[in-house]
Structures are given as structure tokens and as C-alpha cells.
Amino acid sequence: MTDTATPTEDDPQVIPMPDTERGAIQSIERAAMVLALFDQNTRTLSPALVSERLGLNRTTAHRYLQSLQASGFLGAAYGPGPLIDQLSGLVSSRQQILSLAPSMLRQLSDRTGLTAVLSFLGRSGAVVGHVEEANSGTIVLTVRVGTVLELKAAQSRALLAFQSDPAAVSRLHAGLTAEEARRENTELALVRRDRVAWADLGRIGLASVAVPVFGSGDVQAAMAVLGTTTMLPSSEQSAERVTMLRDAAEQLSAMVNG
């Protein structure tokens, strides 16, 4: 004998999704994965590259590239297409931040003696949007615009800690083990408490610290400074530089919010 549950308003009956609809959603997800292959080292795509990185056969990879090209997501040489440019133009907050940030980052770099960086959240972590390198010293630590940063990078943590959409954090943590995700969520809780994030990349001699930039009630970007562990030894010993970073981010947030 089996029990059957009667659907109620609080427990609605699940209606199976048609196979055609599931197939369409899978195609959209794969198209997003193809577009996510663009980074600081990949400015154009090819069937061979898509096939290798996504595990698709070349015929399928070529078909996706052609469809994305026909839709305007990709250009003639399988680089970013006109529709991406159009969508980018609609992201007003990001464009506003990018127009205001360079001079502020330049001032921050000059005051701290460190390289100042601005990043936005991408599909797999923070993506560097602007960099102002330190003018002082004989050695300059920098990062290229377009670089996709690791989840444990200070800027990734600053962006994820204040995300209003928990699904964004879950998606980015999906590749972590349960223990890694637990530790990272603990770190994000500390970032929310202190409103400052430190990197944990295991690279001896290098350090970075980041804070959020807010706009329209949500985190829009992360501002950071990076240098050596001698220049950024710890939160207590780097308090003056962290205060300068906070002040710059708060000023940028105020300007974005009008």
C-alpha cells in the first residue's frame, strides 16, 4: 500500500519540466560557460579551445560559437561581439565607478605607496577592472586588468561577503570541498563583521587587503591595495593604510550614490 499526498497551497504539486525546455536551459548554461572562457589571456575563442576547456567535441563547440556569433554575443573573429558591448553600456553603476575610480585609485596609491586595484564580481571570482601602480620603490607589484582572481583573494572575499544574492556565493563555492566551503564562509562572516577582507593565497611575501564599494544598496565593486608583507604585515600594523583604503572606498560609494 502506498500513500499519496494531496497538493496544497503550501505544498504545491511539482510539474515536470518538458524535455524541450530542459534542453533549452542546458543550451543557455553551456553558452554562458563558453562566454565565461574570456579572461586576461583569452581575448578570442576557437572550436579547439572551447572543446578542450569544456570537454565538448569540436563540432558541438563550433556550433555554439556560430550561434553566439549570430546572436551578437561574439564578433567576426569570435571575440566579444556588439551585444556584449550593448549590455556593458547598460551597466550604469559599473560605468560610473570606472569613470570615477582612476583618479581616486591614483591618490590612494600615492598615499599608501602600494598598488591600488578595483575589481567587479565575475562568473568565477573577482575580475580586475582598473589598476594604478605604485610609483615609489624599485619593485612594483601589480595585476593585469581582466585578471580573474581566486576565491581566496581579498577582492573576491569583499565582493562575496556582501552579496545580496546567496545563490552567487553558492555557485562560486560549488567547486570547493565541504570543509573548504565551511572555512571560506567563516572568512566571509569575518569580512562582514570587520568590513575588510585579507587575501589568503599562500604566496610568501605578498599581501592584499580589500573593502567593498556600495551603490544602490548593494555591493558594486571591491577596492584593494597590494604589496609585500613588509608593507602590509597585519591588520594592526597596517591600520593606517587600511584606513586610507576605507576612506577612498567610502568616498567612491558616496559619489556613486549621488
Side-chain angles (χ1 to χ4, degrees), residues 32-33 35-43 80 84 87-88 91 93-102 104-105 108-109 112 114-133 141-176 180-181 183-192 194-203 206-216 218-227 232 242 245-246 248-250 252-253 256:
M33 291 169 67
L35 293 173
L37 294 175
F38 285 117
D39 60 22
Q40 68 274 19
N41 298 314
T42 306
R43 302 305 174 96
I84 289 181
L87 295 173
S88 297
V91 187
S93 292
R94 182 169 296 191
Q95 295 302 316
Q96 184 182 15
I97 289 172
L98 283 172
S99 67
L100 295 170
M104 301 182 68
L105 290 175
L108 177 62
S109 179
T112 61
L114 304 170
T115 294
V117 183
L118 184 83
S119 292
F120 301 95
L121 187 63
R123 182 177 174 81
S124 55
V127 181
V128 176
H130 191 84
V131 179
E132 290 292 337
E133 297 176 349
L141 296 178
T142 190
V143 60
R144 288 183 292 180
V145 171
T147 296
V148 180
L149 303 175
E150 300 168 55
L151 288 178
K152 292 184 178 181
Q155 293 165 85
S156 292
R157 285 176 167 175
L159 288 163
L160 289 176
F162 296 97
Q163 276 299 304
S164 58
D165 180 11
V169 179
S170 299
R171 186 185 72 246
L172 289 171
H173 284 182
L176 302 177
E180 288 171 336
R183 288 199 300 265
E184 200 57 29
N185 282 322
T186 298
E187 289 295 329
L188 297 184
L190 293 175
V191 174
R192 284 188 289 272
D194 301 334
R195 298 181 76 86
V196 61
W198 290 82
D200 180 22
L201 304 178
R203 293 173 187 157
L206 302 180
S208 63
V209 58
V211 295
V213 174
F214 293 99
S216 302
D218 202 357
V219 63
Q220 298 293 331
M223 186 182 290
V225 288
L226 57 94
L232 281 171
V242 172
L245 173 62
R246 287 180 187 273
E250 289 174 2
L252 181 54
S253 296
V256 171

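Because only heavy atoms are used, hydrogens play no part in the values below, and waters and symmetry mates are left out as well, while side chains stay in. Please read all numbers here as calculations on a predicted model, not as lab measurements.
- Formation of a donor-acceptor pair under 3.5 Å by the Glu132 side chain with backbone atoms of Leu105 is not found in this model.
- Judged as a salt bridge (charged side-chain N to carboxylate O under 4.0 Å, His left out), and not counting sequence neighbours, Arg171 has no contacts.
- Proximity of Arg183 to Leu176: side-chain heavy atoms (C-beta onward) are nowhere separated by under 4.5 Å.
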Should Met223 and Leu245 be marked as a side chain to side chain contact (heavy atoms under 4.5 Å, CB included) after you check the CA-CA gap, both sets of side-chain angles, and the distance that decides it?
-> CA-CA 7 Å; Met223 186 182 290; Leu245 173 62; 3.7 Å; yes
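- Residues forming a side-chain contact (heavy atoms from CB on, under 4.5 Å) with Val242 (at least two apart in sequence, or on another chain): Val196, Trp198, Val209, Ser238, Arg246.
- Side-chain atoms of Gln40 come within 3.5 Å of backbone N or O of Val148 as a donor-acceptor pair.
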Side chain to side chain contact (heavy atoms under 4.5 Å, CB included) between Leu118 and Met104, worked out | CA-CA 10 Å; Leu118 184 83; Met104 301 182 68; over 6 Å; no
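- Annotation: side-chain hydrogen bond (donor to acceptor under 3.5 Å, both in side chains) contacts involving residues 160-170, sequence neighbours excluded, comprise Ser164-Asp218.
- Judged by distance alone, the side chain of Thr147 and the main-chain N or O of Val128 form no donor-acceptor pair under 3.5 Å.
- Shortest non-hydrogen contact noted between Glu133 and Thr142 is OE2-OG1, 3.0 Å.
- The side-chain contact (heavy atoms from CB on, under 4.5 Å) check on Ala126 picks up Ser119, Leu149, Gln155, Ser156, Leu159, with sequence neighbours excluded.
- Here the side chains of Arg157 and Lys152 are in contact, with some heavy-atom distance below 4.5 Å.
- Side chains of His173 and Leu188 form a contact here, defined as non-hydrogen atoms less than 4.5 Å apart.
- One N or O on the side chain of Ser109 and one on the backbone of Leu114 form a donor-acceptor pair closer than 3.5 Å.
- In terms of heavy-atom proximity, Gly129 sits nearest to Val145 at O-CG1, 3.7 Å.
- A search for ring-ring contact (aromatic ring centres under 6.0 Å, His included) contacts involving Phe214 returns Phe162, not counting sequence neighbours.
- Once rounded to the nearest 0.5 Å, the distance linking CG of Leu201 with OG of Ser208 reads 6.0 Å.
- Residues Glu184 and Leu160 fail the side-chain proximity criterion, which asks for heavy atoms closer than 4.5 Å.
- Here the CG atom belonging to Leu232 is positioned 10.5 Å from the CG atom belonging to Leu206, to the nearest 0.5 angstrom.
- Nearest heavy-atom pair across Ile97 and Ala221 is CD1-CB, 4.3 Å.
- Taking each heavy atom of Ala161 and Val191 in turn, the nearest pair found is CB-CG1, 3.6 Å.
- The backbone N or O of Gln96 sits less than 3.5 Å from a side-chain atom of Ser99, completing a donor-acceptor pair.
- Residues satisfying the salt bridge (charged side-chain N to carboxylate O under 4.0 Å, His left out) criterion with Glu150, sequence neighbours excluded, are Arg203.
- Proximity of Leu252 to Leu100: side-chain heavy atoms (C-beta onward) are separated by under 4.5 Å at one or more points.
- Within the 3.5 Å criterion, the main-chain N or O of Ala249 finds a donor-acceptor partner in the side chain of Ser253.
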